[in-house]
Amino acid sequence: MAELSLHNLVKRYGNTEVLHGIDLTVTDGEFIVFVGPSGCGKSTTLRMIAGLEEISGGEIRIDGRVVNNLEPKERDIAMVFQNYAIYPHMSVRKNIAFGLRSSKMPKADKAKRVEEVADFLEMTEYLERKPAALSGGQRQRVAIGRAMVRDPALFLFDEPLSNLDAQLRTQMRLEIKKLHQRVGSTIVFVTHDQVEAMTMADRIVIMKDGHIQQVGTPEDVYRNPANTFVARFIGAPSMNMISADATASGIVLPGGASIAKAATQGPVTLGIRPDDLRPVGGDGLLTGTVAVTEPLGPETLIYVDTPAGEMIAKASGRTPPLVGEQVHLDADIADLHIFDRASGLAIR
Amino acid sequence: MTATDIRPTTAATLDTKAPRKPRNMGQIIRWLLLFGGGILMVMPIAYMISTSLKWPWEVYNVNLIPEEPTLENYIYVLEDGRFYWWFVNSMIVATLTTISALFFDSLVGYTLCKFKFPGRTLVFIAILSTLMIPTEMLVIPWYLMSQSFGWLDTYWGIMFPGLMTAFGVFLMKQFFESVPDDFIEAARIDGLNEFQIWWSVAMPLVRPALAALAIFVFLGNWTAFLWPLIVTNSTDMYTLPVGLAGFGDEADVAWELIMTGAAISTIPTLVVFLIFQRFIIRGVVMAGLKG
């Protein structure tokens, strides 16, 4: 277990700066997830922590020790790669034991450790198999086993679930979470899937264009997004965004409705999560016509054409509005998010 | 179904069959070309074996089946102590050169593929460009070099030009391209040094290429003639091709003995090829895809 801290971390490829001064502290035993769209710099950050990419500026500390110029093997880390990176010419046993190759542990202890890890991952019966004879999930477990066997200070996961099918991904998500609870290691996990981030993380780091947009607990980034990017990126379906004007008396929405809540004046963007926007019997914030419905079982997503644009709302799964029907949509004032339209920053 | 219904169907069937004719013709032409090519490839081997079974008086007779087949030539060649030494020399040269080429070609190929350093492309182009220089142009500098280092008429002298090959570097580099960097990086994190990563992780993943290269290099050195002829002086240092060419004298070339020696000398290459052919074919296919 270890504390990880990044201070003003910069990465440049030639003259192009792709990471613009990342500052972050990951506490001992914390499960932190970097999430963001492709090219946001999350994998680059992870690779810099691992020592696989050179650092152009700033400082990385693992347990207080500056590791900028240390080789990956000297950083006491283990990494699980997106495509598993388990050696196809070695059995599961040899793959897991590979992580101990450079360890000075006695041979018998190494063998015992491999057995323990295999047992933990429920892979004991597959120890003599080659990776080609394993399923995707089993391969991923071998990759995790190879990382676990060394009992590293820091676990790094680089989109390890993206090659798995949806069902297996859910299962592995749970297993990695259990692994964290049992081992208690510090984990840095990179993904582009916000559901993975929300379900696994103690804290989420949302990145865009080489900048951290927000760091917080899943609940925090969902309930209190720092800007419109985070608001749209976290949560599925995406947050509804409405351009509106804030005045001293409140916010006037397209269609005429107004809200008393206003901490600012001028052009704003009003954000409402589909979860918080529901069809109501009387007047609401917006009125429109149902264009599409998506039944999800207990609930139905409805896509409503309104004067403010297309809004997504959640309706009851039992008696949802029909396509073409006119509906009134409303939300609690407490659930509305207001952003400055120019900067995109949240106004609280 | 009435007769009227049938007619168009039959006509349609005929129509669909009609375009097949050229395809069949094309197939026939292809088969004929392949058959002709096969005959061209097999005939020299057939004549080699045929000649090795002939008496000297029948050698210049072009008939494929000897009138009086004999194994006398085989007995003579195998009882000749020189042939044994040439065989051993060829085996030493081909084996050591193959091991060396596998080691150095793959090491250089791996370095050029997986490490980024200034001048990498230039080095690769420089190595590749040596492929364009014919051996005939190189033998004089090789000879002068061998002479100045005292390598004439030694195993080292025969072997040194083939200890590393530009083709091998190229082949191995292409194959290492197919090894995902994640494997290398995972091993790096697991604490292996760069040489261990090359040996324990990268090399096992390019076994087909190594097998293919082993066959190419072994065959090339087993059949090499010009350089071993120039660099060796004593009969004991001859390799098989050089020794066999010397059977007989200026007035009378003993073709039946040369062909017998050649027939025997093909056995190791056949064995090597039969063992590794599945690798060589897979290797060529993989190289093609990657390249």
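Convention: sequence-line order gives letters A, B, ...; per-chain numbering from 1.
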CG on A:Leu52 to CD1 on B:Ile184, rounded to 0.5 Å: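 Interatomic distance, B:Ile184 CD1 to A:Leu52 CG, rounded to 0.5 Å: 11.5 Å.
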OG-OH distance between B:Ser200 and A:Tyr87, expressed to the nearest 0.5 angstrom: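 So the gap between those two atoms works out to 9.0 Å.
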So with a 6.0 Å cut-off around [atom1] of [X], is the heavy-atom count from everything else above 12?
X	atom1	result
B:Tyr84	OH	no
A:Lys94	NZ	no
B:Phe35	CZ	no
B:Trp151	CH2	yes
A:Phe120	CZ	yes
B:Trp142	CH2	yes
A:Glu54	CD	no
A:Glu59	CD	yes

Closest heavy-atom pair and its distance - B:Val201, A:His89: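 Looking at all heavy atoms of both residues, the closest pair is O-CE1, 3.8 Å.
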[X], part contacting chain B, at a heavy-atom distance under 4.5 Å:
X	answer
A:Ala147	neither
A:Arg75	neither
A:Leu156	neither

Taking C-beta and beyond as the side chain, do [X] and [Y] meet within less than 4.5 Å on heavy atoms?
X	Y	answer
B:Glu185	A:Pro72	no
A:Lys73	B:Ile189	no
A:Phe98	B:Leu192	yes

Pair B:Arg188 + A:Glu71: basic N to acidic O under 4.0 Å: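 Looking at B:Arg188 and A:Glu71, the cut-off is not met.
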message: Taking B:Asp190 first and then A:Arg146, would you say they form a salt bridge - that is, a charged N and a carboxylate O separated by under 4.0 Å?
response: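 So B:Asp190 pairs with A:Arg146 through a salt bridge.
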- request: Quick one: do A:Ile86 and B:Phe183 satisfy side chain to side chain contact (heavy atoms under 4.5 Å, CB included)? Show the steps, please.
  value: CA-CA 7 Å; A:Ile86 51 173; B:Phe183 285 129; 5.7 Å; no
